[in-house]
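So the structure is just underneath, and the comments pick up after that.
Numbers restart at 1 for each chain; the letters A, B, ... are given by sequence-line order, proteins then strands. Not measured: the values here are computed from a predicted model.
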Number of protein chains: 2
Amino acid sequence: MDAEPDLFKALGDATRRTILDELTDKDGQTLFEICGRLTMKHGLASSRQAISQHLAVLEQAGLVHTRRQGRYKFHHIDTSPLRSIVERWPIDREEPNP
Amino acid sequence: MDAEPDLFKALGDATRRTILDELTDKDGQTLFEICGRLTMKHGLASSRQAISQHLAVLEQAGLVHTRRQGRYKFHHIDTSPLRSIVERWPIDREEPNP
DNA sequence: GTTATAGGCAAGTCGTCACTTGCCTGTCAA
DNA sequence: TTGACAGGCAAGTGACGACTTGCCTATAAC
């Protein structure tokens, strides 16, 4: 019914937010590719299982969609659920020079 | 340095999100006023101390600013920290009729 | 077929967080 | 100044979540 709890839970973890950063940088990565990038670029020594569980949470929140192809599973980011946030609590428009 | 962890932590709790809803509906409420509204409109039987701690988390995230006046403390919502979310992961524009 | 690769499942551990409980401070009215 | 009202502080508890560990399935290369 309401997927927003999953959305905010997904965004609540720093590693998951970094995963979203990496998928923003390069969409459609596999699990191992993401693991490698997190280790290289962010110094995160997370295990494969940990990242796999993070991706499951992101997928349940609708922020990541997956596509199987042979033994590979590609992960694609989908930022559209974020729209519900700014729709729920409207952000005042900045007025630099009125 | 980086206030975003506090931001996402603040948004991670359902009661805190409901508090933001209430402040969106009526800004500048006191602690007891918020407690009453949560009980009445949302059936949340949260104690005063629990709500007080929630407001402290929201304030630390920059989502709520407070203003003391005598023995009252008014709480004001500030949605501008939410902008960093949509700036970090840009939301694709919806194309209804291209 | 055998081996390596890409990923999945499930139980267990440990830390964090929401909430309670109890007591304290400060403001205003009588 | 005494009482009621608005809010704060701090220790303790219980549950959820991140991560590990160990083993299992499936696809592809040799």
Side-chain angles (χ1 to χ4, degrees), chain A residues 2-23 26-40 42-61 63-76, chain B residues 3-23 26 28-40 42-61 63-76:
Chain A
D2 194 6
E4 291 205 346
D6 292 327
L7 171 63
F8 291 107
K9 175 189 165 190
L11 293 175
D13 185 82
T15 301
R16 283 195 286 268
R17 294 194 295 271
T18 307
I19 292 176
L20 291 180
D21 291 337
E22 277 310 308
L23 289 179
K26 179 170 183 287
D27 198 29
Q29 297 187 61
T30 68
L31 172 59
F32 276 67
E33 211 171 343
I34 295 172
C35 286
R37 286 195 163 222
L38 290 182
T39 309
M40 297 295 177
H42 303 273
L44 297 177
S46 304
S47 71
R48 175 185 62 86
Q49 292 82 350
I51 304 299
S52 177
Q53 289 170 5
H54 282 310
L55 287 170
V57 175
L58 289 170
E59 188 172 7
Q60 191 173 345
L63 289 166
V64 163
H65 297 166
T66 60
R67 169 175 56 96
R68 278 221 96 124
Q69 191 168 345
R71 61 174 163 175
Y72 298 103
K73 189 177 182 184
F74 299 101
H75 300 264
H76 297 267
Chain B
E4 290 204 347
D6 291 328
L7 171 63
F8 291 107
K9 176 189 164 192
L11 293 176
D13 184 84
T15 301
R16 283 195 287 268
R17 294 195 294 272
T18 307
I19 291 176
L20 291 180
D21 290 337
E22 278 310 309
L23 289 179
K26 179 169 183 287
Q29 298 186 60
T30 67
L31 172 59
F32 277 66
E33 211 171 343
I34 295 171
C35 287
R37 285 196 163 220
L38 290 181
T39 308
M40 298 295 178
H42 303 275
L44 297 178
S46 303
S47 70
R48 177 185 61 86
Q49 292 84 349
I51 304 300
S52 177
Q53 289 170 6
H54 282 311
L55 286 170
V57 175
L58 289 170
E59 188 172 7
Q60 190 173 347
L63 289 167
V64 163
H65 296 167
T66 59
R67 169 175 55 95
R68 277 223 94 125
Q69 192 168 345
R71 60 175 164 175
Y72 298 103
K73 189 178 181 183
F74 300 101
H75 300 264
H76 297 267

Self-check item: Contact summary for R71(A) and R68(A), nearest pair of heavy atoms
Solution: O-NH2, 4.1 Å
Practice problem: Produce a footprint string for nucleotides 12-23 of chain D: one letter per nucleotide, 5' end first; B if the base is under 4.0 Å from any protein heavy atom, S if only the sugar-phosphate is, - if neither. | Solution: ------SBBBB-
Exercise. Residues of residues 68-76 of chain A with any non-hydrogen atom less than 4.0 angstrom from an atom of DNA chain D: list those, numerically ordered, please.
Key: G70(A), R71(A)
Quiz item: Which heavy-atom pair separates S47(B) from C35(B) by the least distance, and what is that distance?
Solution: O-SG, 4.5 Å
Quiz item: How about L20(A) and L11(A): do any of their side-chain heavy atoms sit closer than 4.5 Å?
Solution: yes
Quiz item: Between the main-chain N or O of E22(A) and the side-chain N or O of Q29(A), is there a donor-acceptor pair closer than 3.5 Å?
Solution: yes
Self-check item: Side-chain heavy-atom pair K73(A), L31(A) within 4.5 angstrom cut-off
Solution: no
Self-check item: Atom pair OG1 (T18(A)) and NE2 (H54(A)), whose distance is rounded to the nearest 0.5 Å
Solution: 9.5 Å
Exercise. Kindly give the heavy-atom pair with the smallest separation between L23(B) and G28(B), and that separation in Å.
Key: CD2-N, 4.4 Å
Quiz prompt | Spacing between L55(A) atom CG and dG7(C) atom P, to the nearest angstrom | solution = 10 Å
Practice problem: Report yes if the side chains of L63(B) and V57(B) come closer than 4.5 Å at any heavy-atom pair, otherwise no. | Solution: no
Self-check item: R16(B) side-chain N/O to K9(B) backbone N/O, donor-acceptor pair under 3.5 Å
Solution: yes
Quiz prompt | Close side-chain approach of T66(B) to F74(B), heavy-atom, < 4.5 Å | solution = no
Exercise. Nearest whole angstrom, please: distance from the C1' of dA6(D) to the CD1 of I51(B).
Key: 15 Å
Listing time: all N or O pairs from protein to nucleotides 12-14 of chain C that are below 3.5 Å?
none

Quiz prompt | Length of the line joining F32(B):CZ and dT27(C):P, which is rounded to integer Å | solution = 16 Å
